[in-house]
Amino acid sequence: PPTHSCNDWIGPPDKHSNLRPVIFYVPPEESPLERRLREARQEAQECNQHFWARQNCAFRQEKEEFIYSRLKAKGLEMRDKTGQKATLNAEEMADFYKDFLSKNFRKHMQYNRDWYKRNFTITFLMGQVALVRILRRLRWKKKNVGN
């Protein structure tokens, strides 16, 4: 982002996680509370990025292995005679999706718990930052009215 920018910048989706990375704006006179909020948001983004990159990689690999094993059981190759990648029907793929979700249920539950904790912290810090800003504005107005 340009140096004069005063906003967060959101990039294109990451090829592994499918999440859009954020470059967070750091104000020149960032307070310690604002810094804690920004760092909490950055940590949440990094954790999400890491989890979904790993999860999507495992998903793609297991999906390929599933398709290969099913095609092999049918006596088929990964590519048909025209060179097109062979596929399975929706019912067969539904078996894979169900198994994958069942196998990763605990991992997803733990991710969701952590995600909610992080977001609660971020929301709480956002409330504190907003309150401090409102109080700062009120003090500034009171000081200027008194003069």
Side-chain angles (χ1 to χ4, degrees), residues 1-72 78-80 83-147:
T3 53
H4 65 279
S5 174
C6 296
N7 299 304
D8 296 340
W9 279 67
I10 300 171
D14 179 78
K15 67 180 180 177
H16 301 290
S17 70
N18 292 324
L19 299 177
R20 296 171 64 102
V22 178
I23 298 172
F24 293 93
Y25 169 68
V26 181
E29 295 176 13
E30 182 179 52
S31 73
L33 184 60
E34 290 168 328
R35 181 172 170 230
R36 278 181 52 206
L37 171 59
R38 179 179 48 79
E39 288 173 348
R41 292 176 65 211
Q42 287 172 323
E43 180 189 348
Q45 177 186 332
E46 288 168 15
C47 289
N48 288 336
Q49 172 69 26
H50 184 71
F51 175 83
W52 286 110
R54 278 193 349 255
Q55 191 66 10
N56 291 343
C57 180
F59 176 83
R60 283 189 288 272
Q61 182 178 347
E62 289 181 36
K63 182 179 167 188
E64 286 299 314
E65 290 168 2
F66 177 82
I67 292 171
Y68 177 76
S69 69
R70 288 287 175 103
L71 290 173
K72 188 175 179 182
M78 287 296 284
R79 299 207 177 264
D80 64 16
Q84 293 284 84
K85 197 170 184 179
T87 59
L88 300 175
N89 65 37
E91 289 83 22
E92 290 172 306
M93 290 309 298
D95 291 339
F96 166 73
Y97 298 133
K98 181 180 181 282
D99 290 343
F100 185 83
L101 289 174
S102 295
K103 194 166 57 174
N104 289 281
F105 180 77
R106 289 195 193 289
K107 194 186 300 185
H108 284 129
M109 288 301 291
Q110 184 61 48
Y111 168 79
N112 284 335
R113 276 194 289 276
D114 291 345
W115 187 84
Y116 278 110
K117 286 178 194 174
R118 279 189 181 82
N119 279 301
F120 178 78
T121 300
I122 289 168
T123 302
F124 182 73
L125 289 170
M126 288 175 82
Q128 288 181 310
V129 167
L131 183 62
V132 166
R133 287 176 180 169
I134 288 169
L135 292 174
R136 193 181 307 138
R137 262 190 235 124
L138 289 174
R139 281 191 212 120
W140 185 81
K141 283 183 179 180
K142 186 176 179 182
K143 188 171 126 181
N144 285 341
V145 170
N147 288 339

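- Here the side chains of Met126 and Leu37 are in contact, with some heavy-atom distance below 4.5 Å.
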Inset, instruction - Quick one: do Glu65 and Gln61 satisfy side-chain hydrogen bond (donor to acceptor under 3.5 Å, both in side chains)? Show the steps, please. - result: CA-CA 6 Å; Glu65 290 168 2; Gln61 182 178 347; 3.2 Å; yes
Only pairs under 3.5 Å count here: list side-chain donor-acceptor contacts from residues 103-111, not counting sequence neighbours, and write none if there are none.
residue: Lys103; atom: NZ; partner: Glu62; partner atom: OE1; Å: 2.6
residue: Asn104; atom: OD1; partner: Lys107; partner atom: NZ; Å: 3.3
residue: Asn104; atom: ND2; partner: Phe100; partner atom: O; Å: 2.8
residue: His108; atom: ND1; partner: Asn104; partner atom: O; Å: 3.3
residue: His108; atom: NE2; partner: Gln55; partner atom: NE2; Å: 3.3
residue: Gln110; atom: OE1; partner: Arg113; partner atom: NH2; Å: 3.3
residue: Gln110; atom: NE2; partner: Asp114; partner atom: OD1; Å: 3.0
residue: Tyr111; atom: OH; partner: Asn48; partner atom: OD1; Å: 2.8
residue: Tyr111; atom: OH; partner: Trp52; partner atom: NE1; Å: 2.9

Inset, instruction - Check the pair Val26 / Arg38 against side-chain contact (heavy atoms from CB on, under 4.5 Å), numbers first and verdict last. - result: CA-CA 8 Å; Val26 181; Arg38 179 179 48 79; 3.5 Å; yes
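- In this structure, the separation between CG on Asn89 and CG on Asp95 is 9.0 Å, given to the nearest 0.5 Å.
- Arg35 CZ: 12 or fewer foreign heavy atoms inside a 6.0 Å radius.
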Inset, instruction - Begin with the C-alpha distance, continue with both residues' side-chain angles, and end with the deciding distance and a verdict on side-chain contact (heavy atoms from CB on, under 4.5 Å) for Lys63 and Met93. - result: CA-CA 9 Å; Lys63 182 179 167 188; Met93 290 309 298; 3.7 Å; yes
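- For the residue pair Asn7 and Trp9, the shortest heavy atom distance occurs at O-CD1, 3.2 Å.
- Considering CZ of Phe124 and CG of Asn119, their distance stands at 15.0 Å, rounded to 0.5 Å.
- Looking only at distances, no side-chain donor or acceptor of Glu39 sits under 3.5 Å from a matching main-chain atom of Arg36.
- The two residues Asn18 and Lys15 make their nearest non-hydrogen contact at OD1-O, 4.4 Å.
- Across all non-hydrogen atoms, the minimal contact from Gln45 to Pro21 is NE2-CA, 3.4 Å.
- Here the straight-line distance linking atom OG of Ser31 with atom CD of Gln128 works out to 10.0 Å at 0.5 Å rounding.
- Contact annotation: the side chain of Arg118 approaches that of Cys47 to within less than 4.5 Å [non-hydrogen atoms, C-beta and beyond].
- Ion pairing between a basic and an acidic side chain is recognised when a charged N comes within 4.0 Å of a carboxylate O; Arg41 and Glu46 show no such pairing.
- Residues Ile122 and Ala44 share a closest heavy-atom pair of CD1-CB, 3.9 Å.
- Less than 6.0 angstrom separates the ring centroid of Phe59 from the ring centroid of Phe96.
- Across every non-hydrogen atom of Leu88 and Arg70, the tightest pair is CD1-CB, 3.7 Å.
- More than 12 heavy atoms of other shown residues, nucleotides or ligands fall within 6.0 angstrom of atom OH in Tyr25.
- In this structure, Glu34 and Arg133 approach most closely via the heavy-atom pair OE2-NH2, 2.8 Å.
- In this structure, the separation between OG1 on Thr87 and CD on Glu92 is 9.0 Å, given to the nearest 0.5 Å.
- Atoms CZ and CG, from Phe66 and Leu71 in turn, are 9.5 Å apart once rounded to the nearest 0.5 Å.
- Rounding to the nearest 0.5 Å places CZ of Arg137 at 6.5 Å from CD1 of Ile134.
- Within a 6.0 Å radius of OH in Tyr68, other residues, nucleotides and ligands contribute 12 heavy atoms or fewer.
- No side-chain heavy atom of Ile23 sits under 4.5 Å from any side-chain heavy atom of Asp8.
- Under a 3.5 Å cut-off, the side chain of Asn56 and the backbone N or O of Ser17 do form a donor-acceptor pair.
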